[in-house]
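A quick write-up on the structure given underneath.
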Amino acid sequence: MANAYMGKILWVDLTAGKVEFQDIPDEIYKNYLSGYGLGAKIIWDRQKGDGIDPLGPDNILGFCSGILTGTSAFFSGRYMVVAKSPLTLGWGDANSGGSFSPEIKKCGVDAIFFTGISEKPVYLLVDGDTVELRDASGLWGLDAVEAEAKIYEELGSDKFKVAGIGVAGEKLSLISGIVNDKGRIAARSGLGAVMGSKKLKAVVLRGKSKVAVADKKQMVELNKKFLKHINSGTFLEKPFLGGMLNQVGRFVWKLKVFPRDDSAAWKAILKRYGTMGATGLAAGNGDSPVKNWKGVGVVDFPPQKMAYKLSGESVLAYQKKKYGCHSCPVQCGGIMEVKDGKYRYEETHKPEYETLSSFGSLILQDDLNAIFKVNHECNIHGIDSISAGAAVAFAMECYEQGILSQEEVGGLDLRWGNAEAAIKLLDMIIHREGIGDVLADGVKRAAQKIGKGSDQFAIHAGGQELPMHDPRYDPGFGAHYAVEPTPGRHTISSLSFAELLETDVRFFGKKKPMTTYSERYNYNNKGPIMAKSSTFVQVLNGAGLCMFGAQMGAKAPIFQYLNTATGWSLSDDEYMEIGERIQNLRIAYNVREGVTIKDTQINRRALGEPPLEKGPNAGITVDSEALCRSYYKEMGWDYDAGKPTEKKLEQLGLIDVKDKLYSAG
Ligand code: SF4
């Protein structure tokens, strides 16, 4: 038996109701790892034809573990969902942490792929050696958490791990995701709708296989050393100092001297607060978009008056216990207890920064209790909180501009900051009621239906709503949102992410800082660091690692983990070549489906057209095209043709991909 990976995948044909195991040769893992890599390879090879309907039977939906998942490697608990995206019509993927991913491996496989469409709602049960499709008619219409509880009842045990859809996925909302661990979501790319289209309510797993590791002793050593690094600098986590650090964003924008995004400080924020610890800072320094990307944090959403109500200690006050994913020493998540306010919860997940910003600064509302409500609703009904917040912000601007009347929005008073109206609109989106039906497919399609020039308020890249990181603050996002095969993603890279990953230390020997504030707006030299960071992140995704693990800095032993677990002896460069291969296959899939860089451009407002007049990002217009061209060049891709060059594909051994992309001339 192989080390680290199981060497097998499970196929489920929902039309025929049949299941089948397939052995996967070692070479595939050595070329693609698992996660997004294995997913991309399988879908590239097995999809029947090009230009398929993403909500039709030919779309292949995969749940992939990472190659390190199930080993003791820290941060190795993410599962990756892959399919053609109904939102962007190109490559789709999303990932989530929690405890679901290791269970895939325990079931003796590295991934489970679904084809076809079931006649009636079903769920897949894998319980040891038993693999069966079960009737889920009684679960259809339930939210994902209710459905999980009912499945436990039916199976007489809560020891199963479940990933499923809520109402949003059932109703084929193109901004819906897949829910695991009672409210974590693989949210992006609209993959909840793919699951809904297949009438697949849930994937329910309980396995007993063990994951072999080549050198267990060395894994323990790597963890020990890494833990020492993770726990260094803990003085920053004292409440007072941590609080001080978190308040820095109130003032720093005035100085116009931004510190490098330091991995030590980020580590401290993550450990004490989780991502929500950055909400106040980001609203002050210009990272958070404000008022549907036309506002300014320090003017419209002043950190001291508003943003800090949604950040740091204000949120932490509700944390009942810390919570984390499989094999994670940081535990950045939290279970909250909300005993005051209109919306009360015995237990609900801690809101992440993205949700606090998309339903905070983006719509100018600062009621934390309302955020607990929207976060909970997004989580249980399975909808992407970034896209949902963006849809609400879009509707608010249409309302402000007289494009949508009060009658057209179901009588809601959609003025900026109206938390109650935002909550009601979210409910309409989830249930596809009234204007919610239009918004449930994302802002690009909503603008196409509404017309009247509303497309200028639809902030997306290639159909996917932009995350809560402003390219005017970090121009790297101004390229990565567009060049990424799943456009509008913040989890691949940017300049600040490159700093947190310490890409320049790890790969360039830190010859000179490549991303300092004064350097940030030099658009001509960022290709190398952007390409290196995004390639590295593909290695992480193939390994099943949480990005925050690698953001602990260059000392994170990523390649060492991989060699120690698998028994391989690949060099860092060889792993980076695998990352490159994964990224090339993801973008090649887009080309095959007819999506190129021309289709994934970012709404110009988010790039500073027109420029903001005030605040830290005043006067900035990002030269996205220069950055994109620089990235393409470094990746060996042809910007004008919108695809990888033949030479690059040959170099990576992707001969069949080259033949496909170049066969028609
Ligand atoms: S850092 Fe947070 S998201 Fe990442 S593995 Fe740990 S708990 Fe999960």
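Order of listing sets the numbers, starting from 1, for every ligand and every atom in it.
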* **Stepwise side chain to side chain donor-acceptor pair (under 3.5 Å) check, Ser232 with Lys267** => CA-CA 10 Å; Ser232 62; Lys267 191 169 71 175; 3.2 Å; yes

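- Put simply, the side chain of Lys161 never gets that close to the backbone of Pro102: no donor and acceptor are under 3.5 Å apart.
- Scanning the protein heavy atoms around atom 4 (Fe) of ligand 1, the nearest turns out to be Cys546 SG, 2.4 Å.
- For atom 6 (Fe) of ligand 1, the nearest non-hydrogen atom of the protein is Cys328 SG, 2.2 Å.
- Using a 4.5 Å heavy-atom cutoff, the side chains of Tyr318 and Thr348 are not in contact.
- For the pair Cys325 and ligand 1, a heavy-atom separation below 4.0 Å is found.
- Closest approach of Gly66 and Ser34 over heavy atoms only: C-CB, 3.9 Å.
- Among the backbone and side-chain atoms of Cys332, an N, O or S atom lies under 2.8 Å from atom 2 (Fe) of ligand 1.
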